[in-house]
*Asks:* 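Below are the structure tokens for one structure; questions will follow.
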Amino acid sequence: MKRIILHVDMDHFFTAIEERENPELRGKPVVVGADPKKGRGVVSTCNYEARKFGIKSGMAISRAYKLCPDAVFLPVNYELYKRVSDEIMATLRKYADRLERWGLDEAFLDVSSKVKDYEEAEALARKIKKEILEKEKLTCSIGIGPNKLVAKIASDFNKPDGLTVVRESEAKDFLAPLPVSRLIGVGRKTERKLKEMGISTIGELAAFDPSKLADEFGKFGLRLYLMAQGIDESEVRDRDERKSISREITLDEDTGDLEFVAGIVDVLSECVYKELLKRDFSFRTVTLKIRYEDFETHVFSKTLPHLGELRLLRNIARELLLLNAENKKIRLVGVRVSNLVPLKGQKKLDFVNFKTP
DNA sequence: TCTGGGGTCCTAGGACCC
DNA sequence: TCTGGGGTCCTAGGACCC
């Protein structure tokens with residue numbers, strides 16, 4: 001069956017919310033991210049005024065500060081953005097057969113049964129944009145296409161406050177001139193590898209020998225080839241349950257003091273556990289993450305034969321640290337739990353065949 | 001350019017079981 | 001004596017997303 005997919009992408013979401021909450025910020029360059037005084041960390045989002053100075057998300061905050069010391073630098077107010085995001089997702093959900101959240105500020109909507117053609121899809125997109133603007137005083141850009149890939153690239157095509165429709169018959173030509181890095185799943189590494197093979201644009205990828213792509217990238221090679229033809233069969237899926245919960249922190253200064261780091265690990269374990277309780281989940285796997293001063297990063301994990309609780313989480317995280325830490329200064333530590341098991345009342349536990357401790 | 005914090009998915013080897 | 005094939009789970013690493 002032919003599908004019609006919308007990709008809704010909020011415009012510079014975090015800074016747009018900050019401007020809405022504090023109109024004095026409008027017209028000024030605004031950067032949401034790490035504290036430039038501390039100097040460690042990156043830009044989370046910046047508005048279009050800040051982009052004029054060359055600031056981009058993901059950039060080191062120290063560099064952003066050098067590019068524009070007069071910009072307004074704000075910390076990340078995650079709770080606020082999450083609340084606004086939840087409201088927007090609730091609005092979007094009304095119009096979709098299925099909705100897939102993609103971060104706080106993006107979503108895919110499968111509207112195949114809600115509209116009969118691209119004209120109706122476009123009208124629906126306009127309605128959604130209007131409703132979000134009225135309710136939230138925020139703008140978004142929407143892409144419409146025959147699949148997630150095309151919809152996503154379309155939403156990025158005309159920003160901010162854009163609306164781009166790409167029909168199935170137009171998809172291949174639409175993608176051809178764009179760089180391969182626009183494809184979902186093509187990051188820095190894959191982009192470099194493709195460049196070494198003489199492939200820079202999606203059009204070049206589409207014309208390449210798929211068996212050579214399979215040799216180089218395995219299963220992903222075929223997917224790359226298909227995406228370049230504008231083909232993407234992946235479903236829009238409501239992700240119901242969370243698969244993992246984690247907390248990590250980059251220390252203000254690298255340290256070789258393991259007991260100090262172990263204290264941080266205790267705190268992270270408690271934060272993670274609090275989140276578990278809130279969601280009424282237990283866990284079976286604990287993962288400890290260490291990043292050293294040279295940026296080398298390792299993860300170590302341990303899976304229990306039964307459900308864990310706080311004391312166990314703390315002890316295992318600590319043990320994984322002390323057992324595995326090398327004699328190098330540590331930059332970051334993190335604690336993650338996975339193999340999550342819902343605890344909706346004790347009754348649900350009957351489904352779970354784990355021995356109790 | 002000196003690289004956050006929250007996630008997801010994939011791969012590959014080894015253990016273990018039938 | 002030397003050795004199958006399939007399946008699942010665990011661990012570690014890595015790429016990628018916003």
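All values below come from the heavy atoms of this structure, side chains included, with hydrogens, waters and symmetry mates left out. Just so it is clear: chains get the letters A, B, ... in the order the sequence lines come, proteins before strands, and each one is counted from 1.
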*Asks:* Look at all strands and tell whether A:E248 reaches a base, only sugar-phosphate, or nothing, counting heavy atoms closer than 4.0 Å.
*Replies:*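 Result for A:E248 = base.
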
*Asks:* Is A:R291 touching bases, backbone alone, or none of the nucleic acid, heavy atoms closer than 4.0 Å?
*Replies:*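 Contact class for A:R291: sugar-phosphate only.
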
*Asks:* A:S85 pairs by side chain to side chain contact (heavy atoms under 4.5 Å, CB included) with which of A:I17, A:L80, A:L104?
*Replies:*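 Of the listed residues A:I17, A:L80, A:L104, the side chain to side chain contact (heavy atoms under 4.5 Å, CB included) partner of A:S85 is A:L104.
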
*Asks:* Pick out which of A:K148, A:R182, A:M227 makes a side chain to side chain contact (heavy atoms under 4.5 Å, CB included) with A:I153.
*Replies:*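 Per the side chain to side chain contact (heavy atoms under 4.5 Å, CB included) rule, the option paired with A:I153 is A:R182, out of A:K148, A:R182, A:M227.
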
*Asks:* Any chance the rings of A:F73 and A:Y65 have centres within less than 6.0 Å?
*Replies:*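 Distance test on ring centres: under 6.0 Å, yes.
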
*Asks:* Counting any heavy atom closer than 4.0 Å, what does A:L104 reach on the DNA or RNA strands: base, sugar-phosphate only, or nothing?
*Replies:*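 Counting heavy atoms under 4.0 Å across all strands, no contact is made by A:L104.
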
*Asks:* Any idea how A:H7 and A:F108 line up, ring-wise: parallel (<30°), tilted (30 to 60°), or perpendicular (>60°)?
*Replies:*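 Ring orientation, 0 to 90° scale: tilted.
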
*Asks:* Taking any heavy-atom pair under 4.0 Å as a contact, classify A:R237: base, sugar-phosphate, or nothing.
*Replies:*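 Sugar-phosphate: the residue A:R237, judged by heavy atoms under 4.0 Å, touches backbone atoms but no base.
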
*Asks:* Name the nucleic acid region contacted by A:K82, choosing base, sugar-phosphate or nothing; use a 4.0 angstrom heavy-atom cut-off, strictly under.
*Replies:*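 Contact class for A:K82: none.
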
*Asks:* Identify whether any heavy atom of A:F220 sits under 4.0 Å from a base atom; if not, whether one sits that close to sugar-phosphate; answer base, sugar-phosphate or nothing.
*Replies:*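 Here A:F220 touches no strand at all.
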
*Asks:* Looking at every strand, decide which applies to A:S44 at a 4.0 Å heavy-atom threshold: base, sugar-phosphate, or nothing.
*Replies:*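 Result for A:S44 = base.
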
*Asks:* Does A:Q229 reach the main-chain N or O of A:Y225 with its side chain, forming a donor-acceptor pair under 3.5 Å?
*Replies:*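 Yes, the answer is positive, given that a donor and an acceptor are paired below the 3.5 Å cut-off.
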
*Asks:* Give the minimum heavy-atom separation between A:L288 and A:A317, together with the two atoms involved.
*Replies:*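 Minimum heavy-atom contact is CD1-O, 3.6 Å.
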
*Asks:* Contact class for A:V186 (heavy atom, under 4.0 Å): base, sugar-phosphate, or nothing?
*Replies:*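 Result for A:V186 = sugar-phosphate.
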
*Asks:* Do A:T15 and A:N47 have side-chain atoms, one donor and one acceptor, less than 3.5 Å apart?
*Replies:*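 A:N47 and A:T15 do not have a side-chain donor-acceptor pair below 3.5 Å.
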
*Asks:* Look at all strands and tell whether A:L304 reaches a base, only sugar-phosphate, or nothing, counting heavy atoms closer than 4.0 Å.
*Replies:*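 Since no nucleic acid heavy atom lies under 4.0 Å of A:L304, the category is nothing.
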
*Asks:* Pick the closest DNA chain B nucleotide for A:E275 and for A:D294 by heavy atoms, then say which residue is nearer the 5' end.
*Replies:*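 Checking each residue's closest nucleotide, the 5'-ward one belongs to A:D294.
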
*Asks:* Toward the 5' end of DNA chain B, which comes first, A:L332 or A:S244, by nearest nucleotide?
*Replies:*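 Nearest nucleotide further toward 5': that of A:L332.
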
*Asks:* Using Watson-Crick and G-U wobble pairs whose two distances are both under 3.5 Å, how do you write the pairing of DNA chain C as dot-bracket, with | for links to another strand?
*Replies:* ....||||||||||||||

*Asks:* Quick one: does NZ or CZ of A:R51 land under 6.0 Å from the six-membered ring centre of A:Y48, within 45 degrees of the ring axis?
*Replies:*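 Yes, a cation-pi geometry holds between A:R51 and A:Y48.
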
*Asks:* Can you name the ring-ring contact (aromatic ring centres under 6.0 Å, His included) partners of A:Y81, sequence neighbours left out?
*Replies:*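 Partners of A:Y81 under the ring-ring contact (aromatic ring centres under 6.0 Å, His included) test: A:F14.
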
*Asks:* Contact class for A:R188 vs. all strands (heavy atom < 4.0 Å): base, sugar-phosphate, or nothing?
*Replies:*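 A:R188: backbone/sugar contact only, no base atoms under 4.0 Å.
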
*Asks:* Give me the distance, rounded to whole Å, that separates C:dG4 from B:dG14 when you measure between the P atoms they each carry.
*Replies:*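 Straight-line distance between the two P atoms is 15 Å.
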
*Asks:* Provide the start and end nucleotides, 5' to 3', of the part of DNA chain B that has atoms under 4.0 Å from heavy atoms of chain A.
*Replies:*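 Reading along DNA chain B, I get B:dT1 to B:dT11.
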
*Asks:* Is A:G39 touching bases, backbone alone, or none of the nucleic acid, heavy atoms closer than 4.0 Å?
*Replies:*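 The residue A:G39 makes sugar-phosphate contact but no base contact.
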
*Asks:* Please figure out whether A:T285 or A:T297 has its closest DNA chain C nucleotide nearer the 5' end.
*Replies:*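 In this pair, the answer is A:T285.
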
*Asks:* Parallel, tilted or perpendicular: which describes the rings of A:F217 and A:F220, with under 30° parallel and over 60° perpendicular?
*Replies:*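 Ring orientation, 0 to 90° scale: perpendicular.
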
